[in-house]
Amino acid sequence: MDSIVPCLELNLYTEPNSSSSINTPKITPKIEPFDEHPPFLPPTTHLPTHQYRIARPPPKPEVSSEFNRISELFRSTFAQRLQKYGDVAVLPDADPNSGAIVPCNNPETQAGNVVISPRGGRKQDQRSSELVRVTDLRPEAHRCFRGEIRRTRLLFDSLRAFLIADIEKDRDSLTPQRWRRVDLKVAQLMKNQGLWLYRDKRIVGAIPGVSIGDVFFFRMELCVVGLHGQAQAGIDYVPASQSSNGEPVATSIIVSGGYEDDEDAGDVIIYTGHGGQDKHSRQVVHQKLECGNLALERSMHYGIEVRVIRGIKYEGRAPGKVYVYDGLYRVTDTWFDVGKSGFGVYKFKLVRFENQGQMGSVVLKFVESLRTLQLDAWPKGYVSLDLSSKKENMPVFFFNDIDEDHEPLYYQYLTTTRFPLHVYDRGAKGIGCDCVGGCLDVCSCANKNGGEFAYDLNGILVRGKPLIFECGPHCQCPPTCRNRVSQKGLRNRLEVFRSRETGWGVRSLDVIQAGSFICEFTGIVLTQEQAEIFTMNGDSLVHPSRFPGRWAEWGDLSQIFSDYVRPAYPSTPPLDFAMDVSRMRNVACYMSHSSSPNVIVQLVLFDHNNISFPHLMLFAIENIPPMRELSLDYGMTDEWTGKLSDTLYAKELRMAQQFLLILLNLVVALCRQKFGICVFGSRF
DNA sequence: GGATTTTCACAGTT
DNA sequence: CAACTGTGAAAATC
């Protein structure tokens, strides 16, 4: 064997007789001698001859033993990292060839235990150059990797919110320029703690735990989860110097419209190689077949799939661009062309593998197109274009293309929770702040939160707390005050939809950035007596105390700062009230349950001072792509996959029956009174 | 829009 | 040759 094995297939699990469960294509790398220059090389380009002169390394050992070695490595590093969180273990009798990682419920190390890392952590480490491909992930293993990705991104996003708030606190003082790039700082902090994922292997193909359609707001976030390792460059690759045969191999690209010669048709991309631009991003010299350009050509040569991430301009809030993972492509063609500038550029034709699920960028464009769509052009299934009847400042759509169930139409829409009157009476006076011109650093409401505002200037929740005090009707500050985030209503177009899996569900037509306010969970708060009557009737109510305290997950920075203390002030209020959502409710009522939710409950006070009756405000803790289902942890066990609204629906049926019975009673009583007749015997 | 960042690849040196 | 070190590129960000 006088050549290389450019990519080792790492089978984490092979389903017996499975054929179609995984989309990752199986590519057997072509192993061909490599001593002639690619025919398309134009004479004008500088040929990086060293790439070709490197002596061939000694032949690799037999694939089986090498495979074993790598899978052992792969397994141990992942297992160590995952075991840290206590919800994953390696099966002791796992097949050493499979390297299987399976989640288990280890009662001694429950998920959520966080190991405090020493400061300074691991030394800066280089990326590995070993190519592996992860195939045939078992569903459990996929979940476990997804959990790892989720925790990592949660830390990234909440650390960013935390640092931004820190800068905003004294922005009058001269903030060094480098601190304004908070995303870079976050990545650096996480790297120092060894929290970047997939550093120990170069993964060809899909990254375990990253789904098509996942959205990112920062390039560094792509680096942290291992999707694309370059901070700025568009082509990520194993460098020639580290490759076993001296040839670079590309693994992922970012298509973000920075090159004038790109042509993006979705499934087919004509991608321009990099280089040849001046600092104004103008093409000024010919491109060369080196670095990433050569790597892409080599990936075509070996038939190695390339991850594609699209950077898309997004007319949303703060960040101007979102990055969405669109799946795997193969390079099918490459040529040297004269670009619009008149200079030579390399072009690569990339074709998307089929059966990969819808592209995230297509979904993004679709929901954007709905903004300006004429009413009659809307897709079938939109039963209502605003469930709230303009009570919310954004429409709440209602979509059902499955059956004729129009249940959500029959409830009165309740934008904010109604508390019993006695809640408002108690100590309503003198609770507000006096910041007439808007709340600045010193504000009595901020003091109630422990001297800081709970949100940054973009309205992102800095970190979860037991309770948050916002400014309210008793304050002197204007309604635009920064400390009124959850009173300003919806900021995203939400949609209640019928789902075969979960009955009802809620999704957004906009990208929701992690830390943003979504909506309130509203209902009519019952007095103790009312609740007892409801309970006696066997009716189910929403008990806020049953929501687990997930707020702590947003902003748990103990992995970064060893002296980090979880916020304990204001202390958790006792929540012994119940909410009735049987007549009036809002969109939140239709959210599905999940044990790894993307939405959390944050308790907030603003219109009264009674800490036993806070509002249940819902915040995103992940970046949620449009059309992805929102989920909440209702505190149910995992076996319970039903939804609140399902139980409520059952309750509706019971109530309807009772109502009919009462009506019948009335009619019968009237008949008896009027006609003196006895209907249905003496019982009435 | 320019200044400011980081990371990575690469090449040269110790 | 392994380990540094310095340089330059890079579709980033504010």
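Numbers restart at 1 for each chain; the letters A, B, ... are given by sequence-line order, proteins then strands. Excluded from the calculations below are hydrogen atoms, water molecules and symmetry mates; all remaining heavy atoms, backbone and side chain alike, are included.
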Salt-bridge contact A:E368-A:K313 (side-chain N to carboxylate O under 4.0 Å):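 Salt bridge flag = no for A:K313 with A:E368.
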Aromatic centroids of A:F619 and A:F517 separated by under 6.0 Å: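 Yes: the rings meet the under 6.0 Å criterion.
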Round to a whole Å and report the spacing from [atom1] of [X] to [atom2] of [N].
| X | N | atom1 | atom2 | answer |
| --- | --- | --- | --- | --- |
| A:L227 | B:dT7 | CG | C1' | 16 Å |
| A:F218 | B:dT7 | CZ | P | 16 Å |
| A:L184 | B:dC8 | CG | P | 12 Å |
| A:Y259 | C:dA12 | OH | C1' | 13 Å |
| A:Q277 | C:dA10 | CD | P | 8 Å |
| A:K191 | B:dC8 | NZ | C1' | 9 Å |
| A:Q283 | C:dA9 | CD | P | 14 Å |
| A:D236 | C:dA12 | CG | C1' | 15 Å |

Residue matched to C:dA11 through Watson-Crick or wobble contacts both under 3.5 angstrom: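 Matched C:dA11 with nothing under the 3.5 Å cut-off.
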Nucleotide forming a Watson-Crick or wobble pair with B:dT5, both distances under 3.5 Å: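 None - no nucleotide pairs with B:dT5, as no candidate has both distances under 3.5 Å.
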Looking at [options], which one has an atom nearest to any side-chain atom of [X]?
| X | options | value |
| --- | --- | --- |
| A:P239 | B:dC10, C:dA12, B:dT7 | B:dC10 |
| A:W196 | B:dC8, C:dA11, B:dC10 | B:dC8 |
| A:A233 | B:dC8, C:dA10, B:dC10 | C:dA10 |
| A:K321 | B:dC8, C:dA12, C:dA11 | C:dA12 |

Base of C:dA11 paired with side chain of A:D262 (donor-acceptor, under 3.5 Å):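 Indeed there is one.
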Neighbour count >12 (heavy atoms, 6.0 Å) for atom NZ, A:K488: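 More than 12 within 6.0 Å, yes.
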Sugar-phosphate only, base, or nothing, as touched by A:G275 at under 4.0 Å among non-hydrogen atoms: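 The residue A:G275 makes sugar-phosphate contact but no base contact.
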Touch class at under 4.0 angstrom, heavy-atom based, for A:Y323 against every strand present: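 Sugar-phosphate contact only - A:Y323 comes under 4.0 Å of backbone atoms but never of a base.
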A:R310 charged N/C atom sitting above A:Y325 aromatic ring, 6.0 Å / 45°: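 Because its charged atom misses either the 6.0 Å distance or the 45° angle limit, A:R310 does not stack over A:Y325.
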Flag for A:R493-A:S508: side-chain donor and acceptor within less than 3.5 Å: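 There is no such pair (donor and acceptor under 3.5 Å, judged by atom type) between the side chains of A:S508 and A:R493.
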